[in-house]
Asker: 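Structure in C-alpha cells, see below.
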Amino acid sequence: MTEPNGEEALHKILSGSTVYSDNSPLAGVTSLENRRRRKAQIAGGLLLGAAAVTAGVLVAANFGTVTSTPAPANTVTSTEATPTPSPSATPTPTATPSATPTASPTPTTTQAPTPTVPAAPTTAPVVPPVQVPTSQTFTFPDGHLSFTYPVGWSVRAEQGPYDPPGTAEASRIVTVFDAAGAEVARVFNGNYADGTGGWVKRTVYDRATVPGVVSTTSASDPVQFGFFAHQAAMMVHPGETPSTAELDQTPTYVMDVRLASEMQSGETGSGINQVRVPNGIMSAYAIFDPAKQPAFATPEAAKAWMKTTQYAQLKALFLSLSYK
C-alpha cells in the first residue's frame, strides 16, 4: 500500500484552477468570501485526514504483522535485585514466640543451656595390646621340671630309663618336634645316668646361663646352654711320647645343657650333659639330622645357622628349663 502524501494533496487543492460558469443564475453563485472559507475548511479537513493516515501507517509499521500466535514476551530487565536468602533481599519475618531464634540481617543463634559435663582426662588410659601366645609349656608328670617350646611345635612323652626298680614313674624322656614334624630335641628327667667321654679339642660358638636350674652337686658351677664343636685330640700323659698317628679332625657339633665346667674351650675332656637335680638327673640336648655327618659342612655354615629362626627357637627352649 502506497503511503498518501498529505502535503501534495493540499497543494493540488489550493493551487488548482477554479471553473466558473456564467450560465448559472446569480442567485446560485457563491460569493468569493464564502468560497475562500469553504476551501479553507476543505483544506483543513484534508490536512487532518492526511495526518491521521500518516499516524496510522506509522503505528502499523511499529506493531508489525498481526498473527494469530502471540509473540514471546519481551524480557524486562529490572533494576530491582532478585530476592535471595540474604537478609538484605528478604524481608525480615515478624518474630513469633518460638524456640528458634527469629532471623535478622545479622543472624544470631541462641543455644539452650547445656548440662555441665566433667572434663575428660587429658591422657587416655593405656590399654596394653593383646599378646598372641608364641610358646607353650610342657611340665613333667611330677610337676618339677618344665620348659617352653614354640606354638606349632609338638612333644611326645615316653617312659625313660630308670634305676633302681620302682622308680619308673619318675622317669620320662620327652621328644620335641618342629612344625614340619622333624625331631629337634630331647629332654630327660629321672633316676638314671650313664655316658662315656674322651679327650677333645672344643670350639665354643655360643653359651648362656640357664637361670631356672641349679645343680645339687655344685651350686657355684652354673648350668649353661652351649653350642660348640668337638674334634678328636690325643691326650699325652706326663712322661709319654706323643703319638704321630693322624686323628680324624671331622668336627662333631653339639648343642646341649651342662655345667659350665664341662664346657671349656681348648683341649679338654669331652664331659657329659647330665645335671644332677633334687629328683634325679636332667639331660637336655638338640638332635641334628643323622644323615648329615657332620651336621654342618664347615664352621662357617655352623655360624650361619646361628642366625636362623630355628636356632633362636632351640636356644629359647633350653634357656626356659626350670626346676621347682
Asker: Among all residues two or more places apart in sequence or in another chain, which pass the side chain to side chain contact (heavy atoms under 4.5 Å, CB included) test with Gln249?
Answerer: Gln231, Leu247
Asker: Kindly write out the residues that satisfy side chain to side chain contact (heavy atoms under 4.5 Å, CB included) with Asn191, not counting sequence neighbours, or none if the list is empty.
Answerer: Thr167
Asker: Identify all side-chain donor-acceptor contacts of residues 144-152 below 3.5 Å with residues at least two apart in sequence or on another chain.
Answerer:
unit_1 : atom_1 : unit_2 : atom_2 : d
His144 : ND1    : Lys324 : O      : 2.7
Thr148 : OG1    : Ser320 : OG     : 3.2

Asker: Out of curiosity, Asp178 CG to Gln310 CD, how far, rounded to the nearest 0.5 Å?
Answerer: 6.0 Å
Asker: Taking only residues two or more places apart in sequence, or in another chain, which ones meet Glu158 in a side chain to side chain contact (heavy atoms under 4.5 Å, CB included)?
Answerer: Arg156, Ile173, Thr175
Asker: How close do Arg172 and Phe140 get, heavy atom to heavy atom, and via which atoms?
Answerer: O-CE2, 3.5 Å
Asker: Show the atom names and distances, to 0.1 Å, of all donor-acceptor pairs under 3.5 Å that link a side chain in residues 280-290 to residues at least two apart or in another chain.
Answerer:
unit_1 : atom_1 : unit_2 : atom_2 : d
Ser283 : OG     : Asn273 : O      : 3.4
Asp289 : OD1    : Ala291 : N      : 3.0

Asker: So which pairs with a foot in residues 193-202 pass salt bridge (charged side-chain N to carboxylate O under 4.0 Å, His left out), sequence neighbours left out?
Answerer: none
Asker: Check the hydrophobic clustering (I, L, V, M, F, W, Y; side-chain heavy atoms under 4.5 Å; chains of links allowed) and say if Met306 and Met263 are grouped together.
Answerer: no
Asker: Decide whether Val214 and Val277 are clustered together by the hydrophobic rule: side chain heavy atoms of Ile, Leu, Val, Met, Phe, Trp, Tyr closer than 4.5 Å, transitively.
Answerer: no
Asker: Which distance, rounded to the nearest 0.5 Å, do you find between the CZ of Arg258 and the OG of Ser215?
Answerer: 13.5 Å
Asker: Are Leu321 and Leu314 linked, directly or through other ILVMFWY residues, by side chains that come within less than 4.5 angstrom of each other?
Answerer: yes
Asker: Could you give all pairs that pass the ring-ring contact (aromatic ring centres under 6.0 Å, His included) test and reach residues 164-188, with sequence neighbours left out?
Answerer: none
Asker: For a 4.5 angstrom cut-off between non-hydrogen side-chain atoms, does Thr309 reach Gln313?
Answerer: yes
Asker: Heavy atoms only: give me the nearest Asp248-Ala232 pair and the separation to one decimal.
Answerer: O-CB, 3.6 Å
Asker: Within a reach of under 6.0 Å around CZ of Arg207, are more than 12 heavy atoms found that belong to other residues, nucleotides or ligands?
Answerer: yes
Asker: Please name all residues satisfying side-chain hydrogen bond (donor to acceptor under 3.5 Å, both in side chains) with Ser261, sequence neighbours left out, ordered by chain then number.
Answerer: Asp221
Asker: Rounded to the nearest 0.5 Å, what's the gap from CD on Gln224 to OG1 on Thr209? Could you check?
Answerer: 4.0 Å
Asker: Could you list all the ring-ring contact (aromatic ring centres under 6.0 Å, His included) pairs where at least one residue sits in residues 207-230, not counting sequence neighbours?
Answerer: Tyr205-Phe227, Phe227-Trp305, Phe227-Tyr311, Phe228-His230
Asker: So, taking the atom named CD1 in Ile272 and the one named CG in Asp256, what distance separates them when rounded to the nearest 0.5 Å?
Answerer: 10.5 Å
Asker: How close do Val257 and Val210 get, heavy atom to heavy atom, and via which atoms?
Answerer: CG1-CG2, 4.1 Å
Asker: If you look at every heavy atom in Leu259 and Thr217, which pair is closest and at what distance?
Answerer: CD1-OG1, 4.4 Å
Asker: Does the Gln136 side chain pair with the main chain of Trp153, one donor and one acceptor, at a distance under 3.5 Å?
Answerer: yes
Asker: Would you sort out whether Val174 and Arg186 count as a side chain to side chain contact (heavy atoms under 4.5 Å, CB included), showing the intermediate values?
Answerer: CA-CA 6 Å; Val174 178; Arg186 286 181 188 157; over 6 Å; no
Asker: Side chain to side chain contact (heavy atoms under 4.5 Å, CB included) for Leu317 and Leu319? Distances and angles first, verdict last.
Answerer: CA-CA 6 Å; Leu317 183 155; Leu319 290 177; over 6 Å; no
Asker: What distance separates Asp142 CG from Asn189 CG, expressed to the nearest 0.5 Å?
Answerer: 6.0 Å
Asker: Are Trp199 and Ser270 side-chain neighbours, meaning at least one heavy-atom pair lies under 4.5 Å?
Answerer: no
Asker: Run the side-chain hydrogen bond (donor to acceptor under 3.5 Å, both in side chains) test against Ser171 and tell me which residues pass, sequence neighbours left out.
Answerer: none
Asker: Can you give me the closest heavy-atom contact between Pro294 and Pro251, atom names plus distance?
Answerer: CB-O, 3.5 Å
Asker: Asp163: what forms a side chain to side chain contact (heavy atoms under 4.5 Å, CB included) with it, not counting sequence neighbours?
Answerer: Pro165, Tyr192
Asker: Counting only heavy atoms not in Glu169 (residues, nucleotides, ligands), do more than 12 fall under 6.0 Å from its CD?
Answerer: no
Asker: Of the non-hydrogen atoms in Ala233 and Glu267, which two are nearest, and what is the gap between them?
Answerer: CB-CD, 4.1 Å
Asker: Under the ring-ring contact (aromatic ring centres under 6.0 Å, His included) rule, what pairs show up with a residue in residues 248-267, not counting sequence neighbours?
Answerer: Tyr253-Phe296
